[in-house]
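Here's the structure, in structure tokens; my notes come after.
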Amino acid sequence: MDRRTVDISRRHALRLGLGATALSALPSRRAGAQALTGSGEVVVCTWGGSYADAQKKAFFEPFEKESGIRVRVVGVPDLAKIHAMVSNKAVEWDVVDAEGQMMLRLAAQDMLERVDYSIVPRADLIPELATDWGIGSVAYSYVLGWSAKTYATRQPAGWKDFFDAATFPGRRAMYAQPLPALELALLADGVPKDRLYPLDVDRAFKLLERHKPLINVWYKSITQIPTLMRGEEVDLIEATSTRMIELQRGGVAVGWTFEQGAWMQSFWIVPKGSKNRENAMKLMAFYTRPEPEAQFTQAFPLGVPSRKAYALMPKETLALLPTSPGNIERQFRVDSGWWAKNVEEITKRWLAFVG
Amino acid sequence: MSRTGALRGLLPLLPLLLVLLVLLVYPVGRLLVSGLAGGGGLAAFRELATVPLYRDVLLRTVRLSLTVTLACLLLGYPVAYTLATAPRWLGAPLLVLVVVPFWISLLARSFTWLVLLQRNGVMNQLLQAAGLSKEPVPLVYNELGVYVGMIHILLPYMILSCYGVMRGIDPTLLRAAANLGASDWQAFRCVWIPLSLPGVAAGSVLLFVLGLGFFITPALLGGGKVTTVAVLIEANVREALNWPLAAALSCGLLAATVLALAPAFRLLRFDRLVAPR
């Protein structure tokens, strides 16, 4: 698994580049896209806040208008809930914006509907993102962020610096989740980013244990990132790229880098026994279109699954996407398959580590 | 009263009991059964008993909850006394002030504390402006922050439960004590305090039990360093999908609650205190 990860990323980037040249002049309404029609409703479970707002504007509302299918948006994706819904045959969600390992763990237990590629067009999708059990929703990245005020002269360049309190004195915050903290610890310990998987869990925990006193805050929710940075509570942080961009746009003196970032892929999945399976597939079909994807990235600079979408984006947006050529090579892709297999064991160790 | 008569007297409880049965006892029972059935249960209990982490977390949870209960009692009792003895025109608006925090969501209040207590937050700015400290004081993302958040959320329950009982104390009893030569302090100590004890007991039990189940406040204000049983249960249900362990932890918490409350019930004669006649 160790090499494949990076291979995929490189190929991924290459294809994006090809897509960009092939599609320079695109009509606003694609000639190829079939109009979607239907009736009834579809229940979409996604993440809240401005993210869901951007999805509504770019995808759900135009889809509703075109198809006549009512979209009901609920929150938030939760593995345990889907598990309970499917095993009790009371499935309330038709399509869910799921983390990669969520999809794999549910698929392993036969709790998902297969993607119906007679409805969902796959030709333009990045091939790795058109899987049996789901199509790519967004790619996001955990990156190294810092206070530009504290580190005005010399900026940290990677996770080694993050844990180096002698060169970079300051307060630090990490996301209170083993994913991707273990990867970041291994990178700091000198493991090359294309040789991370299978993770050397003992080595990762050893480093984290040693540096535990350096971490002043283990934050519970992504929404705490702006509070932590605006309040100057910490100087160095493991944060999502979108939150760092948001802070920068808001005029807060912060810096961040895609270097050694951990990018991962989310997928749209349909829980087994969904009451509106076909409508869910139709919504996924709409999601594969490049125009709404490009529009979405204006509000939320995240990776999108259609190769053609990247050709429609301005340069400034491309520079902010974790999956753009130039950015993707600097990061590593989190191996959701490895996590799906090991997460239960690791969560146990993680709880002992933080508790 | 005959036995059937007494049973008929319980009829008004029926709607609530039904709701509890359907919405609480049944689903919780199912979670416990599905969690503990099938071999996983025993192993989970063994894990609970042998891994020191769980004992430590349980003890920390109990300690946290006890400390908060005590602090709320010390802070809340004088407030309740003031409210109960103040003239009506003053007592009513003061009571509203006590209740107002109930209108704000728990999450919003926790985030507000984060902003107030953080390193360059209002509290630290005040401390530094007053010359009490040169460096920012760590007020949050530690156990102190959790205490502040929990006390703020739980204090009204203590005040209201003491206030309710104190309002029922007959003021003529205090005058009678004064007539018999008791000083103000003696009257307070020998008449007021014993008569207000039911409120203290009810409030303390309520706070202790609520405190044991706290989740959002320790998770946010503790900076990930104050793990409580509820935090562990959540992680096991949602992330590890280890429902047997989550169910075992819930049972452990329930057992600890009962163990802690049983002596309290005996000692305080809770039944009589709540219904003094």
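Nothing here was measured: the structure is a model prediction, and the numbers come from that model. Proteins get letters first, then strands, A, B, ... in listed order; numbering begins at 1 in each.
- Neither the backbone nor the side chain of A/Glu345 comes within less than 4.5 Å of any heavy atom in chain B.
- For the atom pair NZ (A/Lys220) and CD (B/Glu234), the distance works out to 4.0 Å, reported to the nearest 0.5 Å.
- What you find for A/Arg230 and B/Asn120 is that their closest heavy atoms are O-ND2, 3.9 Å.
- Annotation: maximal heavy-atom pairing with chain A below 4.5 Å, among B/Val231, B/Val51, B/Thr228, B/Leu220, occurs at B/Leu220.
- The nearest pair of heavy atoms linking A/Leu351 to B/Asn236 is CD1-ND2, 4.0 Å.
- When heavy atoms are compared at a cutoff of 4.5 Å, A/Ala176 does not approach chain B at all.
- Enclosure of atom NZ in A/Lys212 by more than 12 non-hydrogen atoms of other residues, nucleotides or ligands within 6.0 angstrom is indicated.
- Note that OH of B/Tyr141 and CG of A/Asn216 are 10.5 Å apart. Values are rounded to the nearest 0.5 Å.
- Between chain A and the options B/Val57, B/Val226, B/Leu53, B/Val237, heavy-atom pairs under 4.5 Å are most frequent for B/Leu53.
- The shortest distance between side-chain heavy atoms of B/Gln118 and A/Thr227 falls below 4.5 Å.
- Residue A/Gln224 holds its CD atom at 6.0 Å from CG of B/Leu114, rounded to the nearest 0.5 Å.
- How far CG of A/Asp78 is from CZ of B/Arg238: 4.5 Å, rounded to the nearest 0.5 Å.
- Looking only at distances, a side-chain donor or acceptor of A/Glu233 sits under 3.5 Å from a matching main-chain atom of B/Arg119.
- No side-chain donor-acceptor contact under 3.5 Å links A/Lys348 to the backbone of B/Asn242.
- More than 12 heavy-atom neighbours from other residues, nucleotides or ligands sit within 6.0 angstrom of CD on B/Gln125.
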